[in-house]
Amino acid sequence: MSVVTRFAPSPTGDLHIGGVRTAIFNWLFAKSQGGKFLLRIEDTDKSRSDAKYLDSIINSLSWLDINWDENIVFQSKNIDYHCYVANKLLDNGCAYKCYLSNEEVQALKEKNDKIGLRKYRDFEEELNAPYVIRFKMPLHGTIEFHDHIKSNLSMNCSDLDDFVILRQDSTPTYLLACVADDHKMGITHVIRGDDHVANTFKQIAIYKSLDWKIPSFYHIPLIHSEDGKKLSKRNHDVGISYYRKLGILPDALFNYLLRLGWSSGNTEIISRDKAVECFTLGGEKGRSIQSPARLNFDKLLYINGFYLRNTESDRLYEMIENELKIEDRFIPIVKCAIDYMKIRSRTLVELKEFVTDIFGSELPKYVVPKPELSHIGKNLLHEFDISKGEEKLRELATAYGVKFKEIASFLRFALSGREISPSIFEMVQCLGYDLSRQRIENALRL
RNA sequence: GCUUCCAUCGUCUAGAGGCCUAGGACAUCACCCUUUCACGGUGAAAACACGGGUUCGAAUCCCGUUGGGAGUACCA
């Protein structure tokens, strides 16, 4: 049997960082098994869904290079099918029309009155009143399933309500739509956040009532924020676009998220190809932890720095090209500088700023005060030609009796305007002799 | 409250009864490299939540306590 997984976000906001990890797991699982990875948009809640978020989901997944097979499935387009399934359940006696009003339901829930909630469960008549369709939960027994992450789970049916599957307006609820769509799409493995475990018992009851094949379930723990709290939409760091804006590379985010709650021995840096090769989830050799993992920004930055300095400079240039506001004649200089600056940057944004501030114009931004330079030092620099190179400069410093360090820090200031920069002759190499001379003369005059 | 799941350094994790005086990574600190900063290298500090069992032997199995997560919608 070939594997089919799916990622099923709802278009109600910026793609959640936890959702991204779920997508990665699903994608990786499918790829590692030679199966298919499908994308389904759960847009049945019209009031909360928005087309702009659909774009952002597609855009974000593409950015991460997580590609899906076949066409996107829109849950809202399957509503007829959901209704058909609900009626089937009604016909085979596994569901019933419930005429309870909203207020009545609320009052019953407050009293935790499960019996009262089932008032219409065995009601024979047809009333001419609005109704919802409720699923007939078995009164006794247990529902059990083997979760490949959490192992065997079970729950007493008596703890489960007769939940709504079709609303008053004849639209399906999540519990029904999800089962129906997963079945229709031939999903074999459901990998999702463990906020869905409680739903799974209910969904399994639906599968059984329909005599449908039950997929394998993998419930992965949720991701928590840095302070150990639940990730809240109020926090800026839950949406993927935050990381993108910050200059995180997609491969770095992929790698970082993969290692959150999953591991392959002690390996920290795992390329996409390698991940596809060695990914397993659950089962005998599967590596996935059981409790929520916290986001750790420092580690993300470290991983990002690693990917940054191991990415071809030309590639990096392409990534920042559009945001670079520099004259054309500085482009070759900037390109050259990326070679030296990528090792010193942790994000693309940082790289872009370094490179434009230091190499994007005639003179650098002087962001620190000019260091002291002795008279002898000045004389030396007036005489020295930068094109002669480092050896010559050292010789001259010795001859003049000036510390190389003194000259070097002045040159660093002259060429970069800051205390932190590539080495002096790396900068000279990028700037060229003329521009370098110009910068030195200018600094000498300051 | 009820249901259910979980528990190794500050954080992410390795660990599937003896290989563990518990390993790696980030962060921290020291030193080395060095014209600055990074990168790189070496080293330090840092954890099996607690209490009972089972066993010749437990981080690993069982029970309890404590702590944490998730769910408890005509939302997904």
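Just so you know, these numbers use all the heavy atoms, side chains as well, and skip hydrogens, waters and symmetry mates. Because the structure is a prediction, the values reported are computed rather than measured. Proteins come first, then strands; the chains are lettered A, B, ... in the order of their sequence lines, and each starts at number 1.
- Distance alone, capped at 3.5 Å, places no donor-acceptor pair between the A:Glu441 side chain and the A:Gln438 backbone.
- A:Val164 comes within 4.0 angstrom of sugar-phosphate atoms only, judged by non-hydrogen atoms across all strands, and of no base.
- Pairing of B:A27, defined by two Watson-Crick or G-U wobble distances under 3.5 Å, is not identified with any nucleotide.
- Between A:Lys274 and A:Glu277 there is a salt bridge, since at least one side-chain N of the basic residue sits less than 4.0 Å from a carboxylate O of the acidic one.
- If you check residues 408-428 of chain A against RNA chain B, the residues with a heavy atom closer than 4.0 Å are A:Ala408, A:Arg412, A:Glu419, A:Ile420, A:Ser421, A:Pro422, A:Ser423, A:Ile424, listed by number.
- Atom P of B:G17 sits at a distance of 9 Å from the matching atom of B:C61, rounded to the whole Å.
- Residue whose closest nucleotide on RNA chain B sits further toward the 5' end, between A:Leu166 and A:Phe404: A:Phe404.
- Comparing the C1' positions of B:C19 and B:C32 gives a spacing of 34 Å, expressed to the nearest Å.
- In this structure, CG of A:Asn112 is placed 10 Å from P of B:A73, rounded to the nearest angstrom.
- Between A:Leu176 and the choices A:Val85, A:Thr44, A:Asp181, the side-chain contact (heavy atoms from CB on, under 4.5 Å) rule is met once, by A:Val85.
- In this structure, of B:A7, B:A73, B:C12, it is B:C12 that holds the atom nearest to the side chain of A:Leu260.
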Sort me out a list of protein N/O and nucleotides 23-27 of chain B N/O pairs below 3.5 Å, or just none if empty.
unit_1	atom_1	unit_2	atom_2	d
B:G23	N2	A:Asn266	OD1	2.4
B:G24	N2	A:Glu268	OE2	2.7
B:A25	O4'	A:Glu268	OE2	3.3
B:A25	N3	A:Lys299	NZ	3.2
B:C26	OP1	A:Tyr302	OH	3.4
B:C26	O2'	A:Lys299	N	3.3
B:A27	OP1	A:Arg346	NH2	3.1

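- With respect to the salt-bridge test (charged N to carboxylate O, under 4.0 angstrom), the residues A:Asp161 and A:Arg118 do not qualify.
- Judged by the 6.0 Å and 45° rule, A:Lys299 forms no cation-pi pair with A:Tyr256.
- Taking atom P in both B:U4 and B:C63, one finds a spacing of 14 Å when rounded to whole Å.
- Ion pairing of A:Arg344 with A:Glu350 is absent here, as no side-chain N (NZ or NE/NH1/NH2) approaches a carboxylate O to less than 4.0 Å.
- Checked for salt-bridge contact, A:Asp314 and A:Lys335 miss the test: no charged N lies under 4.0 Å from a carboxylate O.
- Checking B:C9 for Watson-Crick or G-U wobble geometry (two distances, each under 3.5 Å) identifies no partner in any strand.
- Set against B:G71, B:A76, B:C5, the side chain of A:Ala198 has B:G71 as its closest nucleotide.
- Ion pairing between a basic and an acidic side chain is recognised when a charged N comes within 4.0 Å of a carboxylate O; A:Glu419 and A:Arg412 show no such pairing.
- When the C1' atom of B:A76 is taken as reference, atom CG of A:Asp45 falls 8 Å away, rounded to whole Å.
- The residue A:His196 sits close to a base: some heavy atom pair falls under 4.0 Å.
- Base pairing of B:U65 is made with B:A49, judged by Watson-Crick or G-U wobble geometry with both donor-acceptor distances under 3.5 Å.
- Comparing B:C6, B:A76, B:U11 against the side chain of A:Asn199 picks out B:A76 as the nearest.
- Across all strands shown, B:A16 remains unpaired; no Watson-Crick or G-U wobble contact has both distances below 3.5 Å.
- If you find the closest nucleotide of RNA chain B to A:Arg134 and to A:Arg309, the one lying nearer the 5' end belongs to A:Arg309.
- Ion pairing between a basic and an acidic side chain is recognised when a charged N comes within 4.0 Å of a carboxylate O; A:Asp357 and A:Arg418 show such pairing.
- A:Leu301 comes within 4.0 angstrom of no nucleic acid atom, judged by non-hydrogen atoms across all strands.
- Using a cutoff of 4.0 Å between basic side-chain nitrogens and carboxylate oxygens, A:Lys136 and A:Asp162 are not scored as salt-bridged.
- Whole-Å rounding puts the A:Arg294 CZ to B:G68 P distance at 12 Å.
- Panel note: side chain A:Thr356, backbone A:Gly360; no donor-acceptor pair is recorded below 3.5 Å.
- Look at the P atom in both B:C33 and B:A22: the space between them is 32 Å, to the nearest Å.
- Nucleotide B:A73 is matched to nothing when pairs are restricted to Watson-Crick or G-U wobble geometry with both distances under 3.5 angstrom.
- Heavy atoms of A:Gln168 sit under 4.0 angstrom from at least one base atom.
- The pairing partner recorded for B:C33 is none, the criterion being a Watson-Crick or G-U wobble arrangement whose two distances lie under 3.5 angstrom.
- Among the nucleotides B:G71, B:C74, B:U35, the one closest to the side chain of A:Glu390 is B:U35.
- The same atom, C1', is picked in B:G69 and in B:A45; the two are 31 Å apart, to the nearest Å.
- Atom CE of A:Met341 and atom C1' of B:U36 are 11 Å apart (whole Å).
- Below 30°, between 30° and 60°, or above 60°: for A:Phe413 and A:Phe410 the angle between ring planes is between 30° and 60°, a tilted geometry.
- Rounded to a whole angstrom, the distance from the C1' atom of B:C48 to that of B:G67 is 16 Å.
- The phosphate of B:U35 has OP1 or OP2 within less than 4.0 Å of a side-chain N or O from A:Arg394.
- Here the separation of B:C2 from B:U54, taken at their C1' atoms, is 33 Å to the nearest Å.
- Taking the C1' atoms as reference points, B:A46 lies 15 Å from B:U13, given to the whole Å.
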